[in-house]
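Written below as structure tokens is the structure these notes are about.
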2 protein chains.
Amino acid sequence: MIKKTETSGWRQARRRSARDAIVEAAWALVREEGLAGLSLRDLARRAGISPPTVYAYFDSKNAIYDAMFGAAAAQFAGRMAEPYACEDPRELLAAGARRFAAFCTSDLERYQLLFQRCVPGFEPSPQSYAPALRALGGAREVLALNGITDARYLDLWTALITGLVSQQVSNDPGGGRWTALIEESVAMFLAHCQPAAARPSAPGPAWPEGALS
Amino acid sequence: MIKKTETSGWRQARRRSARDAIVEAAWALVREEGLAGLSLRDLARRAGISPPTVYAYFDSKNAIYDAMFGAAAAQFAGRMAEPYACEDPRELLAAGARRFAAFCTSDLERYQLLFQRCVPGFEPSPQSYAPALRALGGAREVLALNGITDARYLDLWTALITGLVSQQVSNDPGGGRWTALIEESVAMFLAHCQPAAARPSAPGPAWPEGALS
DNA sequence: GTCTATAGCTGGATAGAC
DNA sequence: GTCTATCCAGCTATAGAC
């Protein structure tokens, strides 16, 4: 699979853009037909190529799902890492939760592929999965800003927020019955998990530069 | 589809038991192959009949999924409605959550069909869905025993518990990383949502007989 | 790299005898 | 109701010319 690395400049760039075009067509198709409705025939037609040509860029159908997953995970990490308008640790926590919910509810299929994992034989590769882990690390940092470092509380936080989002997309798609509970969830969570010392506007401990990236 | 109702006694009973046998075979197959791996050929072989005979009992493949869903929902409602050893409202709430988690984690495929909804073209019929709604009503009753009647808090409770269970089965199947947080979740939830009046051992208001059934 | 053509398989569902 | 036999549609993936 290794080619001459010297000629790789614009050639690889072209190949990459062709791959990206196929992945984008796959997303368009999936948003119309659902995650399970992705077929190579339809994908090829949508992308303006013939079905076998798809195999010039992807080894299998699952490789396409993996590329889609990777793109979605990158979007996720990028969105969560954008700068926040506030600095207050508590507001940062709430803003992150709101952002996560907005990201999930704005694209149902993307949410399903990233977080529901219900494509029959597919599991994301470690490379595609990495950006999602990076974003989770961001949550850990923000919790630390709030004085919360217990790993158990990180688990509790993720369960709480993903639970809200899951109920939202499953039982009230397009509405706000559960996402409207985010502020209250933050209050409930902090009241229970935040140590008394960190309760007022006491500044948190120093943390590494670029911790949120 | 309507037959002579006078001859329906043992004849319908035989038909019911044959249906049940097929549904049981379907569950056995699904536990081996996954929810998406249910095919009529394999199902027929497992049930000891020929593929077309399946259509003597079910109109389509989705009708089989629906029967499976109905059976699972009935198990769920039955399990949640079994008598509880304690009477303290707070302990009742925690016991219900533990029971729910145990029910979900003890059978992954059943959990996926009931609560994850990721079978491509399938949606449960209202009849099959009804028992699940009954069980949700039970949660509302127990929350009322704890002095919590705000519908928003019922939503928050379901999000919190389903979030814990979802993280558990997705990220630590067979373990207890998230289910171990149930007690703490109950404490957190009640501290935030329970009115101060109901905090001590004050008895809740009277409620209808058989409210939990 | 891209195409046409097609292999090879599996799936749900049906026909018709018994 | 149950069977054998089969239809037909859809899929992924490959072969081989260009």
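Chain letters run A, B, ... following the sequence lines, proteins first and then strands; every chain starts at 1. Only this structure's heavy atoms are used, side chains among them; waters, hydrogens and symmetry mates stay out.
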**OP:** Could you tell me the separation between the CG atom of D59(B) and the P atom of dG1(D), rounded to a whole number of Å?
**Re:** 13 Å
Original post:
Is a salt bridge present between R46(B) and E24(B), judged by a nitrogen-to-oxygen distance below 4.0 Å?
Top reply: no
Subject >> Side-chain N,O (R14(A)) to OP1/OP2 (dG1(C)) below 4.0 Å >> reply: no
Subject >> Partner set under ring-ring contact (aromatic ring centres under 6.0 Å, His included) for W178(B), not counting sequence neighbours >> reply: none
Original post:
Whole Å only: how far is the CG atom of L38(A) from the P atom of dG10(D)?
Top reply: 16 Å
Subject >> Sequence-distant partners of S106(A), side chain to side chain donor-acceptor pair (under 3.5 Å), two or more places apart >> reply: R110(A)
Subject >> Minimum-distance nucleotide to K61(A) side chain [options: dC11(D), dG1(D), dG1(C)] >> reply: dC11(D)
Subject >> Contacts of A187(A) that satisfy side-chain contact (heavy atoms from CB on, under 4.5 Å) - sequence neighbours left out >> reply: R90(A), H192(B)
Subject >> Nearest-Å distance for atom pair CZ/C1', residues F58(A) and dT12(D) >> reply: 16 Å
**OP:** Take the protein atom CD of E33(A) and the nucleotide atom C1' of dC11(D), then report the distance between them rounded to whole Å.
**Re:** 15 Å
Subject >> Distance, rounded to the nearest Å, where Y65(B) contributes OH and dG12(C) contributes C1' >> reply: 12 Å
Original post:
Hey, is the side chain of Y55(A) poking within less than 4.0 Å of OP1 or OP2 on dG1(C), counting only N and O atoms?
Top reply: no
Original post:
Please give, in whole Å, the distance from dC11(D) C1' to R45(A) CZ?
Top reply: 14 Å
**OP:** Mind jotting down which residue pairs meet the salt bridge (charged side-chain N to carboxylate O under 4.0 Å, His left out) criterion with at least one end in residues 33-43 of chain B? Sequence neighbours excluded, please.
**Re:** D42(B)-R45(B)
Subject >> With sequence neighbours excluded, residues passing side chain to side chain donor-acceptor pair (under 3.5 Å) with E87(A) >> reply: none
**OP:** Measure from CZ on R15(A) to C1' on dG1(C) and round the result to the nearest Å.
**Re:** 9 Å
Subject >> salt_bridge(E123(A), R117(A)) N-O dist < 4.0 Å >> reply: no
**OP:** Give the rounded distance in Å between these two atoms: CG of L40(B) and P of dG12(C).
**Re:** 4 Å
Anything under 3.5 Å between a protein N or O and an N or O of nucleotides 3-7 of chain C, put it in a table, one pair a line.
| residue | atom | partner | partner atom | Å |
| --- | --- | --- | --- | --- |
| dC3(C) | OP2 | S50(A) | N | 2.9 |
| dC3(C) | OP2 | S50(A) | OG | 2.9 |
| dC3(C) | OP2 | T53(A) | OG1 | 2.5 |

